[in-house]
Participant: 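Structure provided below as structure tokens; questions to follow.
Since we're looking at a predicted model, the values are computed, not measured.
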Amino acid sequence: MSEPVLTVEDLSVRIAGLHILQGVSFTVAPTGVTVLLGRNGVGKTTTLRAVVGLTPRSGEVRGTVRMGARSLLSQRTHRLVRDGLGYVPEDRCVFAGLTVAENLRLAERRGTTAAYDRVFALFPELDRRSRQRAGSLSGGQQQMLAIGRVLLNDNRLLLVDEPTKGLAPKVVTEVAEVLERVAESVPVLLVEQNLAVVRRLARDAVVLAAGRVAWAGDAQELLLETALTRSLLGVGSVEGHQPASQPAAAASAPEDGN
């Protein structure tokens with residue numbers, strides 16, 4: 001069996017006195033999509049931010065995070081990105097005052113050839129709107145730009161946080177199609193609320209509850225177990241576009257994002 005591309009062991013995160021992650025452990029397979037699920041406030045976004053080194057300065061992070069054999073927690077974010085860790089944040093973080101082309105240019109890595117052909121093949125809209133300011137794009141177009149910036153470069157692993165949040169159904173389908181194609185060549189750790197998207201993309205699933213791993217295993221098996229999905233996620237069906245995150249139980253620690 002192939003070694004995991006990412007290994008998280010006993011990850012603990014405290015921010016502003018809140019113990020958000022309390023010994024989280026899981027692995028990400030070297031192929032396909034691993035989805036991180038759970039109700040709001042259980043630590044999904046905090047997990048991704050800890051992996052990529054973006055927890056607040058006031059935070060305390062302990063445990064082990066490895067990409068292959070390399071330890072990540074001691075590394076700065078820009079070095080992790082340079083070494084092939086791609087991150088698409090929940091809030092997209094495009095530079096509103098810059099054009100699409102300028103946003104993409106800022107994402108180019110030194111010493112490499114940026115894969116504009118790949119990005120424009122996946123998102124032709126970005127090519128057509130290259131001179132348009134990013135702040136004037138629709139939410140779906142900004143999400144395409146956020147994903148496109150990461151795909152300009154070769155990556156060993158992609159962390160993608162809530163890529164379909166707030167998007168129209170047609171755009172959700174487009175984003176899911178792109179991630180499906182991307183996952184054929186690079187593994188993805190995905191935070192996603194839309195269970196229809198999860199069903200389409202995910203092979204493995206990790207469910208967080210109150211800052212801990214409550215379940216891990218085959219994503220499709222999880223989605224077939226109505227009682228289990230209702231218990232862990234607060235929903236009982238994967239049909240349509242029902243979210244996987246509902247208001248967290250009182251025992252769940254709040255966090256920035258989810």
Side-chain angles (χ1 to χ4, degrees), residues 4-28 33-67 71-81 85-93 146 157-166 188-195 198 202 204-217 219 222 228-229 231-235 243-258:
V5 66
L6 184 75
T7 301
V8 177
E9 295 178 342
D10 199 26
L11 182 62
S12 174
V13 176
R14 293 179 182 269
I15 298 176
L18 297 176
H19 198 177
I20 296 172
L21 299 183
Q22 305 175 30
V24 168
S25 298
F26 65 90
T27 60
V28 176
V33 176
T34 298
V35 65
L36 195 58
L37 297 170
R39 299 171 185 244
N40 286 339
V42 297
K44 303 185 299 296
T45 290
T46 295
T47 299
L48 295 194
R49 290 176 64 85
V51 169
V52 80
L54 288 175
T55 50
R57 292 180 180 271
S58 61
E60 176 186 327
V61 181
R62 294 184 178 180
T64 301
V65 178
R66 299 192 309 274
M67 189 164 64
S71 175
L72 303 189
L73 290 187
S74 62
Q75 304 295 320
R76 293 184 178 273
T77 300
H78 72 276
R79 291 190 177 275
L80 297 178
V81 171
L85 185 62
Y87 176 55
V88 181
E90 177 186 11
D91 53 5
R92 298 159 192 159
C93 292
L157 172 66
L158 293 183
L159 310 181
V160 184
D161 195 357
E162 299 278 20
T164 70
K165 182 178 179 180
V188 177
L189 176 58
L190 173 70
V191 171
E192 179 55 65
Q193 296 190 50
N194 188 318
L195 291 187
V198 171
D204 302 308
V206 178
V207 183
L208 299 184
R212 300 178 183 273
V213 174
W215 190 94
L222 171 65
L228 189 59
T229 57
S231 171
L232 293 174
L233 308 175
V235 296
S245 296
Q246 300 294 335
S252 299
E255 64 165 316
D256 53 330
N258 59 326

Participant: Nearest heavy-atom pair of Val35 and Ala202: which atoms, and what distance?
Facilitator: CG1-CB, 3.7 Å
Participant: Given Leu195 and Leu233, is the side chain to side chain contact (heavy atoms under 4.5 Å, CB included) satisfied, shown in steps?
Facilitator: CA-CA 10 Å; Leu195 291 187; Leu233 308 175; 4.2 Å; yes
Participant: Out of Thr47, Val42, Thr55, which one pairs with Leu21 under the side chain to side chain contact (heavy atoms under 4.5 Å, CB included) rule?
Facilitator: Thr47
Participant: Is the backbone of Val52 close enough, under 3.5 Å, to the side chain of Thr77 for a donor and an acceptor to pair up by distance?
Facilitator: yes
Participant: Taking it one step at a time, do Val61 and Leu11 satisfy side chain to side chain contact (heavy atoms under 4.5 Å, CB included)?
Facilitator: CA-CA 7 Å; Val61 181; Leu11 182 62; 3.8 Å; yes
Participant: Show the nearest heavy-atom pair for residues Gly217 and Trp215, with the distance to one decimal.
Facilitator: N-CZ3, 3.3 Å
Participant: Does the Arg49 side chain pair with the main chain of Leu54, one donor and one acceptor, at a distance under 3.5 Å?
Facilitator: yes
Participant: Looking at Leu189, Leu48, Leu36, which one forms a side chain to side chain contact (heavy atoms under 4.5 Å, CB included) with Asp161?
Facilitator: Leu48
Participant: Mind checking what makes salt bridge (charged side-chain N to carboxylate O under 4.0 Å, His left out) contact with Arg212, not counting sequence neighbours?
Facilitator: none
Participant: Kindly indicate, with the supporting measurements, whether the criterion side chain to side chain contact (heavy atoms under 4.5 Å, CB included) is fulfilled by Leu208 and Val213.
Facilitator: CA-CA 5 Å; Leu208 299 184; Val213 174; 3.8 Å; yes
Participant: Could you give the distance from CG (Leu159) to OG1 (Thr45), rounded to the nearest 0.5 Å?
Facilitator: 11.0 Å
Participant: Could you go through Leu222 and Leu37, starting from their C-alpha distance and side-chain angles, then the distance that decides it, and tell me whether this counts as side chain to side chain contact (heavy atoms under 4.5 Å, CB included)?
Facilitator: CA-CA 11 Å; Leu222 171 65; Leu37 297 170; 3.8 Å; yes
Participant: Between Glu162 and Lys44, is the closest basic N to carboxylate O distance under 4.0 Å?
Facilitator: no
Participant: Can you sort out the partners of Ala146 under side chain to side chain contact (heavy atoms under 4.5 Å, CB included), two or more places apart, ordered by chain and number?
Facilitator: Val88, Arg92, Gln143, Arg149
Participant: For the backbone of Leu80 and the side chain of His78, can you confirm whether one donor and one acceptor N or O come within less than 3.5 Å of each other?
Facilitator: no
Participant: Which distance, rounded to the nearest 0.5 Å, do you find between the NZ of Lys165 and the CD of Glu90?
Facilitator: 4.0 Å
Participant: Which heavy atom of Pro4 sits nearest a heavy atom of Thr27, and at what distance?
Facilitator: CB-CB, 3.8 Å
Participant: Could you report the tightest heavy-atom contact between Ala214 and Leu232, atom names first, then the distance?
Facilitator: CB-CD2, 3.8 Å
Participant: Tell me the closest heavy-atom pair linking Glu192 and Thr164, and the distance in Å.
Facilitator: OE2-OG1, 2.7 Å
Participant: Side chains of Val51 and Leu72, heavy atoms from C-beta outward: is any pair under 4.5 Å?
Facilitator: yes
